[in-house]
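Only one structure is covered here, and it is reproduced in the block below.
Counting starts at 1 for both ligands and their atoms, following the listed order. Throughout, numbering of the chain's residues begins at 1 and tracks the sequence. In this text, all values refer to a predicted model and were calculated from it rather than measured experimentally.
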Amino acid sequence: MKQKKFPLAFWIFIGLLVGIVGGLVLMPLSNGLDIANGYIKPFGTIFLNLLKFVVVPIVLFSIASGVISMQDISRVGSVGGKTVVYYMCTTAFAVFLALVLASIAKSMGLFVPLQTSGLEFTPPEGQSLMTTIVNIFPSNALAPLVNASMLQVIVISLLLGFGILLAGEKGLVAAQLVDSFNEVFMKIMDLIIKLSPIGVACLICPVIVENGPSIIKDLVAVLAVAYVGYILHALLVYSLTVKAMGGVSPIQFFKGMAPAIMMAFSSASSVGTLPFTLECSERLGARREVASFVLPLGATINMDGTAIYQGVCAVFIATAFGINLSIGQMLTIVLTATLASIGTAGVPGAGMVMLAMVLQSVNIPVEGIALVAGIDRIFDMGRTTVNITGDAACAVIISKLEDKKAARTKAART
Ligand code: ASP
């Protein structure tokens, strides 16, 4: 089937260009930053607010309706199991790749010891693994929806779906209600997405004005290594797996993902990009009931780009402090960065906060984060793009695997 044209992608691209050019024009002006922050950024914020508003009902109703249409709790378990395995393996590979690239950069003399006295960074209060697990389960039916605690919202929607399935005939009305609300919020989402060319322009413009070349200069090497990692990971892992397991050509995949990629790049928020990721992956052949379960979960726990950023920054900061990391420490980083990516919220800047946990695990001074904090947004744009691309690759692959499984079951029955 020929893929439907998506002219919106073109307009989002134009929005991105207009925002970048606008930023470059405003940058040299003495009041450029004030204009960007005072008059342009608010429109970007309105757009992001609208997306955030629609995300909770979308996740709630789309996961529940996905579960209902799977008609079988064990099928949800099987999809969930495969999803988590794909997410964990690709994230662990991402950190590994980042450590290899950063070590090469270090041996080439691109990362060097830096002046570190006077750096300040207060690490956030740590949370034990057990507390994190306990916090996934809500004690209140409404609070998670109000606070947009995504993992708790996912648990609520799964339980809602299971309850409706188990209620059988008596659950029919609830099932129809969920389906109907799902459609309604999907339509609201379509409306909001129509604003994306303007939203994207207004989001990217202040970022360009704020991150002029002057703050980037000392950090070109670490930025470049992170971006090489992002691109390599996307090209190697997603192209290969999408082709081999999802039956979709890499070119078709990246082309189909263009609107979501541009949105992620300008918003630096996986959760804010979720409506785009859903739409793009469905156009790429992901089944709605699979995508609506796999993608919200991915936007919350699957962060390959964040893991790459953490691996590269760990080596960069260690080198800045004159510390050489042992193989054991590198393995610890693979483990902690993989776990940290689960705990990272899909909002701007969250990955930098979790970097503190990764550094602490191998005794690298957390104040080192101050070295890269000034340009976190630039790292974040790339890592969010990788994060959502990985989620979509998983949705396409799991859908294909489910199709194959259904075909096998059908063949066995006949
Ligand atoms: N901004 C990223 C995301 O939304 C998370 C991060 O800061 O790494 O996926």
Side-chain angles (χ1 to χ4, degrees), residues 44-45 47-49 51-52 54-56 58-59 87 90-91 94-95 97-98 121 123-124 148-151 153-154 199-200 203-204 207 211 222-223 225-227 229-230 233-234 238 257 260-278 280-281 294-314 316-317 333 336-359 366 369 372-395:
T45 310
F47 177 58
L48 260 192
N49 283 352
L51 282 170
K52 285 188 197 152
V54 83
V55 147
V56 169
I58 286 268
V59 170
Y87 283 162
T90 50
T91 307
V95 199
L97 176 71
F121 181 84
S149 319
M150 295 318 276
L151 278 177
V153 175
I154 292 174
V200 162
L203 282 171
I204 197 87
V207 174
N211 294 281
V222 62
L223 261 180
V225 176
Y227 269 81
Y230 296 154
H233 185 73
Y238 305 146
M257 282 301 290
I261 284 177
M262 287 186 275
M263 180 59 205
F265 190 73
S266 35
S267 70
S269 169
S270 294
V271 170
T273 310
L274 188 56
F276 288 76
T277 325
L278 271 165
C280 291
S281 7
V294 167
L295 295 177
L297 191 67
T300 320
I301 69 163
N302 181 46
M303 309 268 169
D304 294 358
T306 304
I308 293 173
Y309 152 84
Q310 289 171 342
V312 170
C313 284
F316 174 76
I317 295 171
I333 292 176
T336 46
T338 306
L339 292 176
S341 92
I342 302 176
T344 305
V347 295
M352 188 179 78
V353 175
M354 296 307 277
L355 176 61
M357 175 183 130
V358 177
L359 297 184
V366 284
I369 295 181
V372 286
I375 53 160
D376 185 60
R377 181 64 183 223
I378 305 177
F379 284 111
D380 204 356
M381 296 191 301
R383 58 186 197 242
T384 308
T385 305
V386 178
N387 291 347
I388 59 108
T389 311
D391 302 340
C394 183

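Only the backbone of Ala345 comes within 4.0 Å of ligand 1, judged by heavy-atom distances. When heavy-atom distances to ligand 1 are checked against a 4.0 Å cut-off, Ile388 has no atom that comes that close, whether in backbone or side chain. Contacts between Met354 and ligand 1 below 4.0 angstrom, taking non-hydrogen atoms only, are absent altogether.
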request  = Carefully, step by step, assess Asp304 and Tyr87 under the rule side chain to side chain contact (heavy atoms under 4.5 Å, CB included).
outcome  = CA-CA 8 Å; Asp304 294 358; Tyr87 283 162; over 6 Å; no
message = Set out, in order, the CA-CA distance, both residues' side-chain angles and the distance that settles side chain to side chain contact (heavy atoms under 4.5 Å, CB included) for Thr91 and His233, then state yes or no.
response = CA-CA 10 Å; Thr91 307; His233 185 73; over 6 Å; no
Residues Phe316, Val225; criterion side chain to side chain contact (heavy atoms under 4.5 Å, CB included); working and verdict = CA-CA 10 Å; Phe316 174 76; Val225 176; over 6 Å; no
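The shortest N or O to N or O distance between Ala268 and ligand 1 is below 3.5 Å. At a 3.5 angstrom cut-off on N or O pairs, Met303 does not count as close to ligand 1. Considering backbone and side-chain atoms alike, Arg383 places an N or O below 3.5 Å from some N or O of ligand 1.
Applying the 4.0 Å criterion to heavy atoms of Gly346 picks out, from ligand 1, the atoms 3 (C), 4 (O). When each atom of ligand 1 is checked for a heavy atom of Thr306 under 4.0 Å away, the hits are 5 (C), 6 (C), 8 (O). Those atoms of ligand 1 with a heavy atom of Ser269 less than 4.0 angstrom away are 4 (O).
For atom 7 (O) of ligand 1, the nearest protein heavy atom (residue, atom name, distance) is Gly351 N, 2.6 Å. Scanning all protein heavy atoms for the shortest distance to atom 1 (N) of ligand 1 gives Asp380 OD1, 2.7 Å. Counting protein heavy atoms only, atom 4 (O) of ligand 1 is closest to Ser270 N, 2.7 Å.
Note: Tyr309 OH to Asn387 CG = 12.0 Å, rounded to the nearest 0.5 Å. Between Met303 atom CE and Ile308 atom CD1 the span is 13.0 Å, to the nearest 0.5 Å.
Counting all heavy atoms, side chain and backbone alike, Leu48 lies closest to Ser267 at CD2-CB, 3.9 Å. Annotation for Cys280 and Met257: closest pair CB-SD, 3.8 Å, computed over non-hydrogen atoms. Considering every non-hydrogen atom in both Thr277 and Ala392, the closest pair reads CG2-CB, 4.1 Å.
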